[in-house]
Visitor: 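Please find one structure pasted underneath; my questions will follow.
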Number of protein chains: 2
Amino acid sequence: MDRTDVSLIALRRILRATELYGRELAQAAGLTAVQFRVLQVVGEKSPCTATAIAQRMGVSQATVTSLVDKLVRQGMVERQRSEKDRRQTNIVPTDKGRATLDSAPDALQQRYVRKFEALEDWEQSMLVAALERVASMLDADDLDASPVLHTGDLANAG
Amino acid sequence: MDRTDVSLIALRRILRATELYGRELAQAAGLTAVQFRVLQVVGEKSPCTATAIAQRMGVSQATVTSLVDKLVRQGMVERQRSEKDRRQTNIVPTDKGRATLDSAPDALQQRYVRKFEALEDWEQSMLVAALERVASMLDADDLDASPVLHTGDLANAG
DNA sequence: ATCATTACTTTGACGCTCGAAGCAACTGAG
DNA sequence: CTCAGTTGCTTCGAGCGTCAAAGTAATGAT
């Protein structure tokens with residue numbers, strides 16, 4: 001087993017961990033992974049249009065509509081007709097939605113952040129350099145990326 | 001933006017890249033990401049039972065049955081009753097299935113492998129150490145991990 | 001023989017995803 | 001002002017992935 005394989009295995013462990021994390025998270029919140037992800041996006045930038053969410057998540061508008069429907073039905077978010085442009089619908093989290101976000105276990109990300117911040121300064125630098133290196137080795141061109149871990153569809157967890 | 005955020009963003013880029021890769025790959029092969037993943041697993045360990053695939057992929061047997069059905073319908077794999085234990089069904093790739101595997105673009109992994117192997121010795125060591133570090137920061141307990149990149153369901157890519 | 005276990009398939013239900021088509025509102029050219 | 005084009009979102013219809021539960025078949029232990 002050469003080093004290339006070892007590095008691929010480590011990558012796979014990373015993917016796997018985030019995948020499982022998504023399911024865990026969703027289950028704990030009573031939502032699916034993707035629904036939770038929408039809630040996260042809405043929570044980050046509160047007056048948030050459907051199109052913005054779609055672009056952010058890399059899915060179609062139709063998909064967002066369906067996801068938002070479900071979140072509305074569960075009282076997590078609300079639709080509000082925009083005053084400026086009445087074609088737009090702003091999607092805002094309800095109190096319940098915010099509470100869900102705050103109380104989400106966030107086990108994985110928390111664990112990661114805690115461990116990361118416990119590292120020595122030079123170790124942090126090394127990890128950042130390595131991760132960015134790997135990222136650039138993997139992706140051709142780039143897109144927005146926010147400091148929020150999530151697992152995409154992966155997750156069509158049923 | 002502190003270093004923790006930077007590291008999270010890099011992680012997200014990695015996840016995103018592998019996610020997109022899965023779709024690309026699948027589309028090129030005329031299969032979905034998950035179907036292709038099954039084919040990969042079958043290709044790796046050829047006499048392969050449904051249960052083995054299910055465990056390897058972290059899904060239920062029922063799901064594997066449904067996925068294998070689709071691969072059979074497309075002539076990618078065959079079911080063969082085991083001689084030893086006639087409850088078991090061995091799933092083996094057909095010639096077409098092997099051809100599909102061989103000719104799969106494998107763009108991302110190829111790109112990664114090529115770049116990784118072009119690195120200096122010490123750089124490889126550094127990356128491996130960093131990736132394993134991150135992996136251990138993310139996953140609590142571990143499971144099998146093979147040197148094959150993929151994106152799980154995540155993705156229920158439709 | 002019989003009962004429990006194992007391996008797989010079937011069934012029914014749900015979630016995610018999309019493209020296409022539709023509706024409502026805005027915008028710009030004339 | 002008006003009409004055509006564009007934009008933002010929703011609805012509809014369809015396919016895929018996923019699972020739990022129930023069913024079938026074969027093995028194994030007693």
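The model shown is predicted, which means the values in this text are computed figures rather than measured ones.
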Visitor: Of the nucleotides dC9(D), dT17(C), dA20(D), which has the atom closest to the Val34(A) side chain?
Guide: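 Closest of the options to the side chain of Val34(A): dT17(C).
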
Visitor: Which pair of heavy atoms, one from Ser82(B) and one from Asn90(B), lies closest together, and at what distance?
Guide: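 Heavy-atom minimum between the residues: CB-ND2, 3.8 Å.
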
Visitor: If you compare every side-chain N and O of Thr63(A) against the phosphate oxygens of dT17(C) (OP1, OP2), does one of them come in below 4.0 Å?
Guide: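 It does not, given that no N or O in the side chain of Thr63(A) lies less than 4.0 Å from OP1 or OP2 of dT17(C).
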
Visitor: Taking side chain to side chain contact (heavy atoms under 4.5 Å, CB included) as the definition, give me every residue that meets it alongside Ala62(A), ordered by chain and number, with sequence neighbours left out.
Guide: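 Checked Ala62(A) against side chain to side chain contact (heavy atoms under 4.5 Å, CB included); matches are Ser60(A).
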
Visitor: Using whole Å, what does the distance between atom P of nucleotide dC16(D) and atom CZ of Phe36(B) come to?
Guide: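 My rounded result for the distance is 18 Å.
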
Visitor: Excluding sequence neighbours, so at least two apart, what forms side chain to side chain donor-acceptor pair (under 3.5 Å) with Thr94(A)?
Guide: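 If we apply the side chain to side chain donor-acceptor pair (under 3.5 Å) test to Thr94(A), skipping adjacent residues, there are no hits.
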
Visitor: Have a look at Ala50(A) and say if it touches a base, only the backbone sugar-phosphate, or nothing, with a 4.0 Å heavy-atom cut-off.
Guide: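 Here Ala50(A) touches the backbone only, sparing every base.
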
Visitor: Which of residues 75-93 of chain A sit near DNA chain D, with a heavy atom under 4.0 Å from it?
Guide: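 Under 4.0 Å from DNA chain D: Arg79(A), Arg87(A), Gln88(A), Thr89(A).
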
Visitor: By salt bridge (charged side-chain N to carboxylate O under 4.0 Å, His left out), which residues pair with Asp95(B), not counting sequence neighbours?
Guide: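 Partners of Asp95(B) by the salt bridge (charged side-chain N to carboxylate O under 4.0 Å, His left out) criterion come out as none, since no residue qualifies.
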
Visitor: Can you name the side chain to side chain contact (heavy atoms under 4.5 Å, CB included) partners of Ser66(B), sequence neighbours left out?
Guide: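 Partners of Ser66(B) under the side chain to side chain contact (heavy atoms under 4.5 Å, CB included) test: Lys70(B).
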
Visitor: Can you see if the side chain of Gln61(B) gets near the phosphate of dT6(C) - specifically, an N or O under 4.0 Å from OP1 or OP2?
Guide: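 Checking Gln61(B) against dT6(C): no side-chain N or O falls below 4.0 Å of OP1 or OP2.
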
Visitor: Roughly, in whole Å, what's the span from CG in Leu71(A) to P in dG15(C)?
Guide: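 It works out to 12 Å between those atoms.
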
Visitor: Got a sec, which residues hit side chain to side chain contact (heavy atoms under 4.5 Å, CB included) with Arg133(A), two or more places apart in sequence or on another chain?
Guide: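 Met137(A), Leu119(B), Glu123(B), Leu127(B).
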
Visitor: Determine: side-chain N/O of Thr51(B) to OP1/OP2 of dC8(C), distance under 4.0 Å, yes or no.
Guide: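 Yes, because at least one side-chain N or O of Thr51(B) sits under 4.0 Å from OP1 or OP2 of dC8(C).
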
Visitor: It should be established whether Thr32(B) places a side-chain nitrogen or oxygen under 4.0 Å from OP1 or OP2 of nucleotide dG17(D).
Guide: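 It does, given that an N or O in the side chain of Thr32(B) lies less than 4.0 Å from OP1 or OP2 of dG17(D).
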
